[in-house]
Amino acid sequence: MARELLGWRVVSRIQGIRTSGRIVETEAYIGAHDPACHGAAGRTRRNRTMFGPPGLAYVYFIYGMHWCFNVVTGREGDPEAVLIRALEPLEGLDAMEHRRGRRRDLTNGPARLCQALGIDGTLDGHPLDRAPLVLEPPDSPPAPAPVGVSGRIGIRKARDWPLRFFLTTSSHLSSGPHLEAAPESVMRP
DNA sequence: CGGTGGATTCTCT
DNA sequence: GAGAATCCACCGA
């Protein structure tokens, strides 16, 4: 599902402002046997949405100041989700710039894209087939694009599991030292 | 450009 | 009380 979601669009309508972006980078968190998955240690108040039915938004707060947005993908009871790590901005660029307080680096990072689209904890558990936060499929047929795979970013446990997926030609991927940290783990299907 | 450390709050042990 | 699926300002080259 993490690979499949590349090319889909995330559309938000927050405070009457429409913003959207195309998914270019994702990470998979694959359930109770995945040590890096929030659901690995069982159901808690924080991660309960992960255990719900697929199609919900799992939004969690991290590092004292950031929100991150996941798409719940597992069956009810299975804590599986896809973290949306980067978008290509499409609509509402001015609103994104205003929310982010800068004109670059609007959506290249999981917390950055949440800030740009106005996503916060009030949307945790929201079904993604309706406003104010909607997941839309790509235009059919989707243009073929090379997909890169690497280890996941910013975690300690199971860091080398090849569960990060990205459109290699995108100029909107998450930046920083992480991207170059493990070039040998990047492969082309 | 790369490296470093601070911000800041919530959750669970 | 530790640590977290992060970001940003700042530093030096």
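Order of the sequence lines fixes the chain letters, A, B, ..., with proteins taken first and strands second; residue numbering starts at 1 for each chain.
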Does anything in residues 68-78 of chain A reach DNA chain B, meaning a heavy atom under 4.0 Å, and if so which residues?
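Per residue number, the list is empty: none.
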In residues 102-126 of chain A, what residues come within less than 4.0 Å of DNA chain B, judged by heavy atoms?
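Those residues: none at all.
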Protein-proximity profile, nucleotides 5-13 of chain B, B/S/- by nucleotide at the 4.0 Å heavy-atom cutoff, equals --BBBSSS-
Using the test side-chain contact (heavy atoms from CB on, under 4.5 Å), find all partners of [X] that sit at least two apart in sequence or belong to another chain.
X       : value
A:Ala2  : A:Thr26, A:Ala28, A:Val82, A:Phe165
A:Asn47 : A:His38, A:Arg43, A:Thr44, A:Phe51, A:Tyr58
A:Ser20 : A:Val11, A:Leu90, A:Glu91
A:Ile14 : A:Ser12, A:Arg99, A:Leu123, A:Pro132

Residues in salt bridge (charged side-chain N to carboxylate O under 4.0 Å, His left out) with A:Arg156, at least two apart?
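Checked A:Arg156 against salt bridge (charged side-chain N to carboxylate O under 4.0 Å, His left out); zero matches.
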Identify, with sequence neighbours excluded, every residue that meets salt bridge (charged side-chain N to carboxylate O under 4.0 Å, His left out) alongside A:Glu80.
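Testing A:Glu80 for salt bridge (charged side-chain N to carboxylate O under 4.0 Å, His left out), a comparison that skips the adjacent residues, returns none.
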Return each pair, listed once, that meets ring pair (Phe, Tyr, Trp, His ring centres under 6.0 Å) where at least one residue sits in residues 63-107 of chain A; pairs must be two or more places apart or across chains.
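Matches after skipping sequence neighbours: A:Phe61-A:Trp67.
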d([atom1], [X]; [atom2], [N]) in whole Å:
X        : N     : atom1 : atom2 : answer
A:Arg159 : C:dA4 : CZ    : P     : 10 Å
A:Ile153 : C:dA4 : CD1   : C1'   : 16 Å
A:Arg85  : C:dC7 : CZ    : P     : 7 Å
A:Trp67  : C:dA5 : CH2   : P     : 15 Å

List DNA chain C stems (3 or more consecutive Watson-Crick/G-U pairs, under 3.5 Å)?
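The stems that DNA chain C takes part in, listed by first number, are B:1-7 with C:6-12, B:9-12 with C:1-4.
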Donor-acceptor pair, [X] side chain versus [Y] backbone, under 3.5 Å?
X        : Y        : value
A:Asp120 : A:Thr122 : yes
A:Arg100 : A:Glu97  : no
A:Glu27  : A:Ile153 : yes

Regarding A:Arg46 and A:Asp124, does a basic nitrogen lie under 4.0 Å from an acidic carboxylate oxygen?
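No.
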Tell me which one of A:Leu106, A:Leu87, A:Leu113 satisfies side chain to side chain contact (heavy atoms under 4.5 Å, CB included) with A:Met96.
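With A:Met96 as partner, side chain to side chain contact (heavy atoms under 4.5 Å, CB included) holds for just one option, A:Leu106.
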Nearest nucleotide by nearest heavy atom, which residue falls closer to the 5' end of DNA chain C, A:Glu27 or A:Arg100?
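Counting from the 5' end, the first nearest nucleotide belongs to A:Glu27.
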Test of understanding: with ring-ring contact (aromatic ring centres under 6.0 Å, His included), list the residues that count as partners of A:Trp8, not counting sequence neighbours.
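Checked A:Trp8 against ring-ring contact (aromatic ring centres under 6.0 Å, His included); zero matches.
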